[in-house]
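One structure is given below, encoded as structure tokens.
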Amino acid sequence: MFDQLHYDDDDYPTETSDTQLDTEDTCLSYFAPFRTDPSLFRYIRINREAHVAYLMRALGRLKPGFVSLDASRAWICFWTVHSLDLLGVALPTGDSTRIINTLSRFHSPTGGFGGGPGQLPHALPTYAAVHTLAIIGSNEALNIVNRDTLYKWLLRLKQPDGSFVVHEGGEVDVRASYCALATARLLNLLTPELTTGCSDFLRQCQTYEGGFGGVPAVEAHGGYSFCALAALDILDATNTVDVESLAKWTAARQMRFEGGFQGRTNKLVDGCYSFWQGGAFPLLEKALRGTGRTVSPDGLMGRVPLQQYVLACCQHTTGGLKDKPEKSPDFYHTCYVLSGMSIAQHEYVWDDVDKEFKVTRSANHSLGTDENILHPTDPVHNIRMDKLRLAMQYYRR
Ligand SMILES: CC(C)=CCC/C(C)=C/CC/C(C)=C/COP(=O)(O)OP(=O)(O)O
Ligand SMILES: [Zn+2]
């Protein structure tokens, strides 16, 4: 799997905690029938009906009153709408209209979107709202974004050192850089005024391990590493960081036993890292190829082990996907487990003429029956590639 890029196990701590052994035990029972007869993996299937029903029930509840997630309402729209989109389910028109109306109420007159109506505009729900509207893709949806105020607001989030704060007066971290730059790219707002100096901050967040922390000098974590790498990709600046050590660190986060990824060294496997770590591979492969390195067409990720973990251990029987077997499903994990599975199923190669990722040899890597194949997702924006293309065309008019 890693034949083109070796890493030395001794470079990484190998201590195994008791909790880690417990997780291995639980997964072992889920893997048991397949360990007895590995050919059974041919029949493993994604329980589409249950997941679609779970997501549709969520759409019915997208209204005020979701108190504990009141600041995450734009995210709930993104997680559910993107999950359905990966599963190839079109939103009923009534739901699209309701989501467009809901998100338009989160749009601040001073630029950007809050997590709910009347809330302070914030880089993270702004990414979520703008990308949800791009998935819906109608003129009505794409039109509700005020690009002018949003651009001026993004400039106010930008700091002299090239970082971004998550909201005016808020904290800096690489999530803000990613959400600001991905939103700007989709909306055709990537100007030198916005992008100059941004990679200088991101570069400082790479740690001795190879992954990135949220800010300089903190522990490397998959969530932040994805944000930093995708932001650097948007800036065309992956060559300013140590891509090889990031690739080794990311590859080493795939758990030998479970096949899923951990978020950081010595922590537990979790289904959401299927995307935060897994989504980095197409970007890493693009960056490595850009420096003349040979990358096997099968890539650097263990595609089959990841799908084994997702399909055997992350599906909740009554619908929805989750962190690990003993957990309950939620919309966030449903979204990122499916997104990571989609990355593992398809081969993404950067087309330097069209300036977009393209899928080649589609479906060659999917585990189980063809019914398991999800739509490809763009590895930078994490929305379907066809939806991204149309939205970007719209905002270029
Ligand atoms: C675009 C965007 C909003 C990206 C978010 C990226 C992301 C998932 C960041 C993770 C943040 C974090 C410190 C998790 C650790 O949680 P933990 O200690 O509970 O988990 P762990 O044990 O797996 O590290
Ligand atoms: Zn998780």
Side-chain angles (χ1 to χ4, degrees), residues 71-75 77-78 103-134 141-205 212-216 223-224 226-238 240-241 355 378 380-383 388 391-397:
S72 301
R73 289 177 61 202
W75 276 113
C77 292
F78 175 75
L103 291 175
S104 68
R105 289 187 301 118
F106 303 172
H107 205 334
S108 164
T110 59
F113 290 78
Q119 294 182 19
L120 197 68
H122 190 293
L124 278 57
T126 296
Y127 160 93
V130 168
H131 285 76
T132 306
L133 294 166
L142 300 174
N143 246 327
I144 74 160
V145 181
N146 184 331
R147 292 170 67 249
D148 186 41
T149 57
L150 198 147
Y151 178 66
K152 290 180 181 137
W153 170 73
L154 286 177
L155 287 178
R156 294 200 297 278
L157 298 188
K158 189 177 171 191
Q159 302 300 297
D161 66 352
S163 64
F164 287 85
V165 285
V166 291
H167 61 79
E168 286 179 81
E171 75 277 19
V172 157
D173 69 37
V174 298
R175 295 171 313 163
S177 301
Y178 167 68
C179 289
L181 293 169
T183 300
R185 178 170 188 259
L186 193 150
L187 295 174
N188 192 21
L189 296 173
L190 275 185
T191 61
E193 192 182 22
L194 191 68
T195 58
T196 303
C198 293
S199 63
D200 296 338
F201 168 74
L202 295 165
R203 191 168 51 246
Q204 291 174 48
C205 299
F212 286 71
V215 289
Y224 297 118
F226 173 82
C227 290
L229 178 62
L232 286 161
D233 182 88
I234 292 170
L235 296 164
D236 202 12
T238 52
T240 64
V241 297
K355 301 286 177 211
D378 179 82
V380 171
H381 291 267
N382 195 22
I383 62 173
L388 178 66
M392 287 181 70
Q393 274 165 10
Y394 179 89
Y395 292 119
R396 274 201 293 261
R397 295 169 317 163

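For clarity, every value in this text was computed on a predicted model and none was experimentally measured.
- Considering every non-hydrogen atom in both Leu157 and Val166, the closest pair reads CD1-O, 4.3 Å.
- Distance check: Leu187 CG to Leu154 CG gives 8.5 Å after rounding to the nearest 0.5 Å.
- The CG atom of Asn143 lies 11.5 Å from the OG atom of Ser104; values are rounded to the nearest 0.5 Å.
- Heavy-atom minimum distance, Lys158 versus Thr196: NZ-O, 2.7 Å.
- Residues that satisfy the side chain to side chain donor-acceptor pair (under 3.5 Å) test with Asp378, not counting sequence neighbours, are absent from this structure.
- Annotation: side chain of Val174 is in contact with side chain of Phe201 (closest heavy-atom distance under 4.5 Å).
- For the atom pair OH of Tyr178 and CG of Asn382, the computed distance is 6.5 Å after rounding to the nearest 0.5 Å.
- Atom-to-atom distance recorded for His107:NE2 and Leu150:CG is 6.0 Å, nearest 0.5 angstrom.
- Taking each heavy atom of Ala391 and Ala134 in turn, the nearest pair found is CB-CB, 3.7 Å.
- Of all non-hydrogen atoms in Phe226 and Val380, the two that sit nearest each other are CZ-O, 3.8 Å.
- A search for side chain to side chain donor-acceptor pair (under 3.5 Å) contacts involving Glu193 returns Tyr151, not counting sequence neighbours.
- Residue pairs meeting the side chain to side chain donor-acceptor pair (under 3.5 Å) criterion with at least one member in residues 111-129, sequence neighbours excluded, are Asp70-Gln119.
- When the options Thr240, Leu190, Leu181 are evaluated for a side-chain contact (heavy atoms from CB on, under 4.5 Å) with Leu235, the one that passes is Leu181.
- No more than 12 heavy atoms of other residues, nucleotides or ligands sit less than 6.0 Å from atom CG of Asp236.
- When the side chain to side chain donor-acceptor pair (under 3.5 Å) test is applied to Gln159, no partner is found at least two apart in sequence or on another chain.
- At a threshold of 4.5 Å between non-hydrogen side-chain atoms, the residues Leu229 and Phe212 do not count as touching.
- Among pairs with a residue in residues 119-133, none fulfils salt bridge (charged side-chain N to carboxylate O under 4.0 Å, His left out), at least two apart in sequence or across chains.
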Mind running side-chain contact (heavy atoms from CB on, under 4.5 Å) on Arg73 and Arg105 for me, showing each step along the way? CA-CA 11 Å; Arg73 289 177 61 202; Arg105 289 187 301 118; 4.2 Å; yes
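- The side-chain heavy atoms of Cys198 and Phe164, taken from C-beta on, include a pair separated by under 4.5 Å.
- Phe113 is not listed as a side-chain neighbour of Thr183, based on a closest heavy-atom distance of 4.5 Å or more.
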If you apply the rule side-chain contact (heavy atoms from CB on, under 4.5 Å), what do you find for Val215 with Tyr224, and how did you get there? CA-CA 9 Å; Val215 289; Tyr224 297 118; over 6 Å; no
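- Nearest approach of Gly214 to Cys205, heavy atoms of both residues: O-SG, 4.2 Å.
- Across every non-hydrogen atom of Ala182 and His381, the tightest pair is O-CE1, 3.2 Å.
- Listed by first then second residue, pairs satisfying salt bridge (charged side-chain N to carboxylate O under 4.0 Å, His left out) with a partner in residues 160-183 read Arg156-Glu168, Glu171-Arg175, Asp173-Arg175, not counting sequence neighbours.
- Between Trp153 and Pro121, the closest side-chain pair of non-hydrogen atoms falls below 4.5 Å.
- Note that CD of Gln393 is 11.5 Å distant from CG of Leu142, once rounded to the nearest 0.5 Å.
- Looking at Leu194 and Leu155, their side chains come closer than 4.5 Å, going by heavy atoms from C-beta outward.
- Between the OG atom in Ser199 and the CD atom in Gln204 there is a gap of 10.5 Å [rounded to 0.5 Å].
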